[in-house]
Amino acid sequence: MKNLLFSVLAIFGAHQLAAQVSFTDIPNLPFFDDQGYLRGVTWVDVNGDNILDVSVSGATGTSPNFVNATAIFIHDGNGAFTNTGLINSSQLNAFGQGWADYDNDGDLDVYFGATWNSGGINELWRNEGGAGFTQITNSGATPNTPQPYEGTVSWGDYDNDGFADLFLARWNQMTNRLYHNNGDGTFTDITTGAPVADPGWTAGGFWADFDNDLDLDLYVVNYQIGASAPGANDLFRNNGDGTFTKLTTAGAVVTDAQNSRSANWVDINNDGWLDLFVGNQFSQDKIYFNNGDGTFSTQGLGDTGYTTWSSNWGDIDNDGDQDLFTMGFWGYESKCWRNDGNGVFTDITASFPNVYPLETSGSSSNAIVVVDYDRDGWLDLHIVQPDAIADHLYQNQGDGCKSWLEVECIGVQSNRAAIGATLRAKATINGAAVWQMRQVSAQTAATGQNPLWQHFGFGDATVIDSLVVEWPSGTTCVFENVAVNQLIEIEETCSIQTILADPMANAGQDAEVDWCEGGDPVDLFDYLGGNPEAGGQWVDMDFVPTTMPVQGEGVWYYLIDGPCPDTAKVTVVSHPLPVLILMPGDTTLDAGSGLSLLASGADTYTWDPSSQLSCSNCPDPEFTANESVILTVTGEDAFGCQASASIEITVLTKDLRFELPNAFTPDNDGSNDTFKPLTTGVIFQSYVLRIFNRWGQLIYETTNPNNGWDGRFDGKPMPSDVYAFYMEYTLTDGVKGTQKGEVSLLR
């Protein structure tokens, strides 16, 4: 039957080699709009349940009768979305949006930018723990004047004081705006300095630590400078003291004159430095490779005279490098570019005929977000489009068996959303050690924002050798041998926890389980690290389906079908319970004498009670006789199997005298509640006590000297009175006797 097992796995392997990325169009989602102009979209965890929700901004209907369509849709984690009315925006035609925890209270807040031609006013909404949002009108960052605005909302803590600041791009030959977060819910409008000095037609601002010095620099994308001529873009290097220097010698990245529309910071060639993609209108798109010395090398991408309206990046095939999506405009098609990890790109648009071409012979798309919305480890595509053109969510069907990781970072000293934190991960992919880099950004595209969670693909890697997080505060966290195929949370304290693990994550890892005969049944799923019932089948060595849980010894294989075929072997080894042997000697002792005890047959021992013993966790305690007791010893062997044995020790007293009280008060106060002989230790070999009422009726009898009459007959309290008793006994020295008399019951 082993040959059959190998044949099954061979078939699985052939299936794996043939697999390729494909996308399925998910229809009829409530956040789609085919009547209006949704300009912005963000996937963000609004209510802190570790499930990504959807925020859209824009308008529906037809001009000039637009109706605001900005809304937040809560995701239940199973593909259902509900518009809960958390946002009630008054903007006529919202444009971009940006999410950050600006007040560091543990939930993400949102800023909506108004469209330049609608006379709208920017809006800041504070998240009230996921239960609702409050519009903040007195923050200083939402001035009550129309914003000539057509650009990004860009959050970034530029001075590393732990609070996210805000950069707004402005249109119509106006200066951009920078708002410093004061940490008390208000912002200061920074009106001087390099980023706000030059007027222009700015399409967006993109924060990134391009020089790896732990502070955020700013790249500003200018559509044009002046009345008509294309303008060069600007790179502002953070000086680390709250000011910026406008770089003029970085190369073509700041001298190319082009009508730029969007930009993305991304480590294209996995060299540990953030590179830059710039999408242009009426000219070729550009890639600027970071040389690591403050300069950049230039490479064109695609046709000259092309128009890219927006762009975004993500490792859609989980092969260890990030791929590019460009969104065309004015008759130019959108494209998908596959990255080979060395900065060489292949146009694979034709590989996705159900995605491209998008409608109207030119997508006219504003935003694309790359997001693993269904938490299956594969990045999906969300595209919003204007006017009467349908929006789309394309679900990634995967590309064979490739591993992945998603990381949510939580700042403590740094800003809570961890914007600006840099993640570096090393894994062995196709036999080579590969380092990858991600940086938490609140603005990953022109009008769309990927989740703040960072996604890595690791190809055929089975473990992440090193995972490093560099925080804006200067703290560095290093983790080794991190499991793949999971969503994890890393806090700035360097704590790490799993939020969601792939149920198949540990398949293929053999396990040996020790089982104690007669013990609880073994659930073999516990040894796969998850609950993969739906993805495979347990079989024994004869391929007979096995019922869970199991009792007894055996070897079981778990066979996993699907995109990641694998097998795991769990061996259950049965162990007999330890046989305890007690050698207590004579168990009848005089008070104050000693007794040597000895237990054998196990590895460790626990005695109970231990008050009269010299030790409680040894095999050979000394017993000092104070009172009679039943001792129980529990022994455990090296496999965790346990057994118990007990002995009864009788302690005799040398004083064989006793007294009988002439009255008792059964009021449960703990004193003189019962009528019985008063003595110390065990003095009776045999004993009987009888109680009679005044008419000679027997109302109580016992043969245990430790018991006494509590004043009841047939469960009912007897009245205060004088009662007769008769006691007959034999003492431990053999002396026999009787006692009779009267006792008063007092209530």
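Keep in mind the model is a prediction, meaning the values are calculated, not measured.
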*Donor-acceptor side-chain pairing of D234 and N222 below 3.5 angstrom*: yes
*side-chain hydrogen bond (donor to acceptor under 3.5 Å, both in side chains) between H455 and D372: does it pass, once the steps are laid out?*
CA-CA 8 Å; H455 180 96; D372 180 12; 5.0 Å; no
*Check: T70 and E123 side chains under 4.5 Å, non-hydrogen atoms*: no
_Check: N354 side chain, F23 main-chain N or O, donor-acceptor pair, under 3.5 Å_ = yes
*Residues two or more places apart in sequence or in another chain: which of them pass disulfide bond (SG atoms under 2.5 Å apart) with C477?*
C494
_Testing Y179, F236, F244 one by one against Y158 for a ring-ring contact (aromatic ring centres under 6.0 Å, His included), which residue passes?_
F244
*Give me the one residue out of V253, N264, L274 that meets side chain to side chain contact (heavy atoms under 4.5 Å, CB included) with Y219.*
V253
*Atom CD1 in I136, atom OH in Y111: separation rounded to 0.5 Å?*
12.5 Å
*Would a distance-only check, ignoring hydrogens and angles, find a side-chain to backbone donor-acceptor pair under 3.5 Å from H75 to L52?*
yes
_Nearest 0.5 Å, please: how far is CG in D321 from CD in Q436?_
7.5 Å
*State which residues pass side chain to side chain donor-acceptor pair (under 3.5 Å) with H382; sequence neighbours excluded, sorted by chain then number.*
W43
_Option from D285, T308, D347, T349 for which side chain to side chain donor-acceptor pair (under 3.5 Å) with K335 holds_ = D347
*Are the side chain of D323 and the backbone N or O of I316 linked by a donor-acceptor pair below 3.5 Å?*
yes
*Are Y288 and D256 close enough that a side-chain donor and a side-chain acceptor fall under 3.5 Å?*
yes
_Among W313, W337, F325, the one residue meeting ring-ring contact (aromatic ring centres under 6.0 Å, His included) with F345_ = W313
*Using distance alone, with no hydrogens and no angle criterion, decide if N181 and Y102 have a side-chain donor and acceptor under 3.5 Å apart.*
no
_Can you see whether Q439 engages D209 through a side-chain donor-acceptor pair at a distance of less than 3.5 angstrom?_
no
*asked:* Return the CG to CD distance between L379 and Q395, rounded to the nearest 0.5 Å.
replied: 12.5 Å
*State whether the side chain of S139 and the backbone N or O of A141 hold a donor-acceptor pair below 3.5 Å, judged by distance alone.*
yes
*Does a donor on one side chain sit under 3.5 Å from an acceptor on the other, for Q443 and T152?*
no
